[in-house]
4 protein chains.
Amino acid sequence: MARNTNPSELRAAILDEARECLIAEGYLSLSMRKIARAVGCTATSIYLYFQDKDDLLHALINEGMERLHNQLLGSLDGVQDPVQRCHKLCRSYLEFALENRQYYEVMFLLHPAHMKRYPKELYRRARRNLDLFADALAAVKGRPGSEEKEDLRSAHVIWAQIHGAVSLHHSQRLDVNIDVLGFMDAVVDNAVGHLLCKQDEAS
Amino acid sequence: MARNTNPSELRAAILDEARECLIAEGYLSLSMRKIARAVGCTATSIYLYFQDKDDLLHALINEGMERLHNQLLGSLDGVQDPVQRCHKLCRSYLEFALENRQYYEVMFLLHPAHMKRYPKELYRRARRNLDLFADALAAVKGRPGSEEKEDLRSAHVIWAQIHGAVSLHHSQRLDVNIDVLGFMDAVVDNAVGHLLCKQDEAS
Amino acid sequence: MARNTNPSELRAAILDEARECLIAEGYLSLSMRKIARAVGCTATSIYLYFQDKDDLLHALINEGMERLHNQLLGSLDGVQDPVQRCHKLCRSYLEFALENRQYYEVMFLLHPAHMKRYPKELYRRARRNLDLFADALAAVKGRPGSEEKEDLRSAHVIWAQIHGAVSLHHSQRLDVNIDVLGFMDAVVDNAVGHLLCKQDEAS
Amino acid sequence: MARNTNPSELRAAILDEARECLIAEGYLSLSMRKIARAVGCTATSIYLYFQDKDDLLHALINEGMERLHNQLLGSLDGVQDPVQRCHKLCRSYLEFALENRQYYEVMFLLHPAHMKRYPKELYRRARRNLDLFADALAAVKGRPGSEEKEDLRSAHVIWAQIHGAVSLHHSQRLDVNIDVLGFMDAVVDNAVGHLLCKQDEAS
DNA sequence: CATGAATGAGCTTTCATTCAT
DNA sequence: CATGAATGAAAGCTCATTCAT
């Protein structure tokens, strides 16, 4: 495992293990040494591929964003109805968040003070996930891409709704009397349902 | 500053500084030594007032919950209309969250794995804040206190919406093109508006 | 428990608790704070009765020496035969050692570097325990008190034999295949038996 | 001294200093920091060579056991007479103990509660030292290796005798009027002499 | 006689990072 | 491309002790 033929294989291995560590033990226990031990190389070697811990984290986040993007795209496969598409996106995002807790936390929750600023070019790619939501919303309203600002804001509102539910769940702030699955259903309904409601009003 | 005239002044000062440290660097870098340095006492002294780090955090959370409760209660003063009351609660909660990021993070974001279990009796007091929302919702539906479970869930949905918005903002995940205040308005509208919408349907 | 009527009751209580702590958790965990907590007074109060931790330890050792002395004396009650008396002393010492492990360690094992020099006047009292052995040995040889040096040395030899057995047992260095009780019997036999053996030779 | 030419020099230096610290202040005050300071490296560096404090202690014990073993073996060189061999072993052990108090304490006095369990494979090597005694005793009785249990016990009795003398000396519990060398002679005589005495009886 | 407040030094251990090779 | 050695800072916490009251 230690000696790889392909030179960039090690980089991949490091990312893999870092992800595993992250998912298994959380950000707090994510240490260069542990990753190195798991990969089978020295801690120093990691610095050959990543400037520092933050750089590694950024790569990790980026990877997560790609995965999320693919999952979101996949969820839209063959779905035509605009409202349905919104629904699918929410569901898909929710699933990703619930299945990748620690990952999700680094991606969307980690306090900026603990990380260097996320680089612009990476951010641009990450933004595509939000755009999926915005586009879907625009489609619902029948005007593809126009009035971007409003769609972007609406996307943020929906995002906030789901993100809030996820993060309350992750940090175990939900009351014990709440049935989690039912709650999540209600959350998605509220996020998307409101849209229709608003639309009905408009029409 | 070391020797305070008032005996419990130091305790208050520690709590204050702990809050400051939290806002400045987040939970992960909250250290007893840093707090002590900021306060102007030794780390050991902190242990005179708090059993350990977790105890200090619990005190912080509790303090925040009390403040929030008072603020929420205050916001309802003289407001009769049930829907208006919901609106007020949301606004008030939002204001608190935005103005007290330092508190807010420990109160609602800090992962339990990083902290001893929050003591039951403190939790019971904290729960009152959620109850305010649930009660207001019940009032909207015209059936005071009945169907508690559904009201509790609805309260959670609203809470998730606002909490999500706040936490995205705090962790600086909101797109730069988003006008924060406008976004927050939209969030509250969505949280409460949906209620009405649903009610209209029902009627 | 905290407020005693008799002023010197507290001193006694401190010693009692210190002994308990010592027996229960060993020297390493013996802390002024713990003792104070157990007694129900503040750590500061201990300093009213004992100059410092070493002073307290000395008092503790002294107490132990007195107890041992009484136990040794008691064991001789009604026993006339000189050799029997030697035997009884050994047995009695052994019992004390086995039943008061942590106590015993402080009395006879604690590294001098961890304690101020044991005060002369206390030492003199402690010496009486050895004297009991030396006197008994002298009696065996039929010459009461004469040739003190040789008797003192012999007493030390016997003492070393038993102390060695006890201390190997306490620090769990005895092989698992050794039956402890049988071993201790053999040890006492060896300590005393040799005496007789030597005497037989002499006669 | 920080950067050593020979890579494993530091490891040796650490062990050396640890031993020195032990003799100077005893186990209780043995601290990684102190060792590091004495060696001239940082405390962190110690962790490059030893997993933790216990690991360091185990290494120290092991080293001591090996040395003792070699010394015991050496003392038997060319000695044929069984009783003489017993005598030599005792003398040799005694010399080791007196000349290596630093080792000796960790090896035979340190309470297990203060240390991780001594690893089995190391213990097996350490046991060889006791076996030397047991074998020598069996030889005296003319039955090589048989009746192991009894020989093992006798070995323990002798061991206890010498160990007791040594440990009283180390912890400075011997009376000032005792001539140490003479005392030690008497101790060895007692340990071995008794054997012969017993044997004479038997014959 | 007794306390409450405070200190400073100490502990073991982990961390991200660097540098010479 | 990769390593082994080393560092300095920091963490949470406990300790014996002092001092003013």
Side-chain angles (χ1 to χ4, degrees), chain A residues 2-4 7-11 28-36 40-56, chain B residues 2-11 28-37 40-54 56, chain C residues 2-4 7-11 28-36 40-56, chain D residues 1-11 28-36 40-54 56:
Chain A
R3 315 277 161 147
N4 298 286
S8 77
E9 252 175 45
L10 183 52
R11 199 194 124 98
L28 265 187
S29 321
L30 187 68
S31 95
M32 302 302 256
R33 289 261 259 270
K34 270 187 199 162
I35 297 172
C41 69
T42 58
T44 320
S45 297
I46 302 182
Y47 288 87
L48 294 174
Y49 298 97
F50 303 93
Q51 269 197 330
D52 52 21
K53 202 185 176 186
D54 286 335
D55 194 28
L56 173 56
Chain B
R3 310 258 167 171
N4 293 288
T5 47
N6 188 323
S8 72
E9 247 173 51
L10 184 52
R11 199 192 123 99
L28 292 182
S29 351
L30 184 67
S31 99
M32 302 302 255
R33 302 254 255 258
K34 270 185 201 163
I35 297 172
R37 214 177 301 139
C41 69
T42 58
T44 317
S45 294
I46 301 183
Y47 288 88
L48 291 174
Y49 299 96
F50 304 94
Q51 274 199 328
D52 52 21
K53 201 184 174 185
D54 287 333
L56 172 56
Chain C
R3 316 277 161 148
N4 299 284
S8 78
E9 250 175 47
L10 183 51
R11 198 194 124 99
L28 264 187
S29 324
L30 187 68
S31 96
M32 302 300 256
R33 289 261 258 271
K34 268 187 201 163
I35 297 171
C41 69
T42 59
T44 320
S45 296
I46 301 183
Y47 287 88
L48 294 173
Y49 299 96
F50 304 93
Q51 269 198 331
D52 50 21
K53 201 187 177 186
D54 287 334
D55 195 28
L56 173 56
Chain D
M1 197 183 298
R3 307 260 167 169
N4 293 287
T5 47
N6 188 322
S8 72
E9 247 173 50
L10 184 52
R11 200 192 124 99
L28 293 183
S29 352
L30 183 67
S31 99
M32 302 302 254
R33 301 249 260 254
K34 270 185 200 163
I35 297 172
C41 68
T42 58
T44 318
S45 294
I46 302 183
Y47 288 87
L48 291 176
Y49 299 96
F50 305 94
Q51 275 199 327
D52 52 22
K53 201 183 175 185
D54 287 333
L56 172 55

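Here is the naming used below: chain letters follow the sequence lines, and residue numbers restart at 1 for every chain.
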Could you pull out the closest heavy-atom pair between A/A43 and A/A36, with the gap in Å?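 Reported closest heavy-atom pair: N-CB, 3.4 Å.
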Over all atoms of both residues, closest heavy-atom pair of D/Y49 and D/L10: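 Result for this residue pair: CE1-CD2, 3.5 Å.
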Between [N] ([atom2]) and [X] ([atom1]): distance, integer Å:
X: A/F50; N: E/dA16; atom1: CZ; atom2: C1'; result: 16 Å
X: D/I46; N: F/dG4; atom1: CD1; atom2: P; result: 20 Å
X: D/I35; N: E/dG10; atom1: CD1; atom2: P; result: 15 Å
X: A/E9; N: F/dA2; atom1: CD; atom2: C1'; result: 16 Å
X: B/L48; N: F/dC15; atom1: CG; atom2: P; result: 13 Å

Kindly say whether B/S29 contributes a backbone atom to a donor-acceptor pair with the side chain of B/K34 at under 3.5 angstrom?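 It does hold such a pair.
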Would you mind telling me which of F/dA2, E/dT3, E/dT7 lies closest to the side-chain atoms of B/S45?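 Of F/dA2, E/dT3, E/dT7, E/dT7 is nearest to the side chain of B/S45.
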Can you check whether D/Y49 has a side-chain N or O nearer than 4.0 Å to OP1 or OP2 of F/dG4?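 Answer no for this pair, as no side-chain N or O of D/Y49 is under 4.0 Å from OP1 or OP2.
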If we fit an axis to the first five pairs and another to the last five of the helix from E/dA2-F/dT21 to E/dT21-F/dA2, what angle do they make, to the nearest 10°?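 The end axes of the helix from E/dA2-F/dT21 to E/dT21-F/dA2 are about 30° apart, to the nearest 10°.
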D/L56 and D/I35: CA distance, side-chain angles, deciding distance, side-chain contact (heavy atoms from CB on, under 4.5 Å) verdict: CA-CA 11 Å; D/L56 172 55; D/I35 297 172; 3.7 Å; yes
Separation of D/R11 CZ from D/I46 CD1 (nearest 0.5 Å):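 That separation rounds to 12.0 Å.
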Nearest 0.5 angstrom please: B/T42 OG1 to B/Y47 OH, how far?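 With rounding to 0.5 Å, OG1 (B/T42) is 11.0 Å from OH (B/Y47).
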Residues that A/D54 engages under side chain to side chain donor-acceptor pair (under 3.5 Å), provided they are two or more places apart: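 Residues passing side chain to side chain donor-acceptor pair (under 3.5 Å) with A/D54: none at all.
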Using a 4.0 Å heavy-atom cut-off, write out nucleotides 9-14 of chain F from 5' to 3' as B (base contacted by protein), S (sugar-phosphate only) or - (no contact). B-BBBB
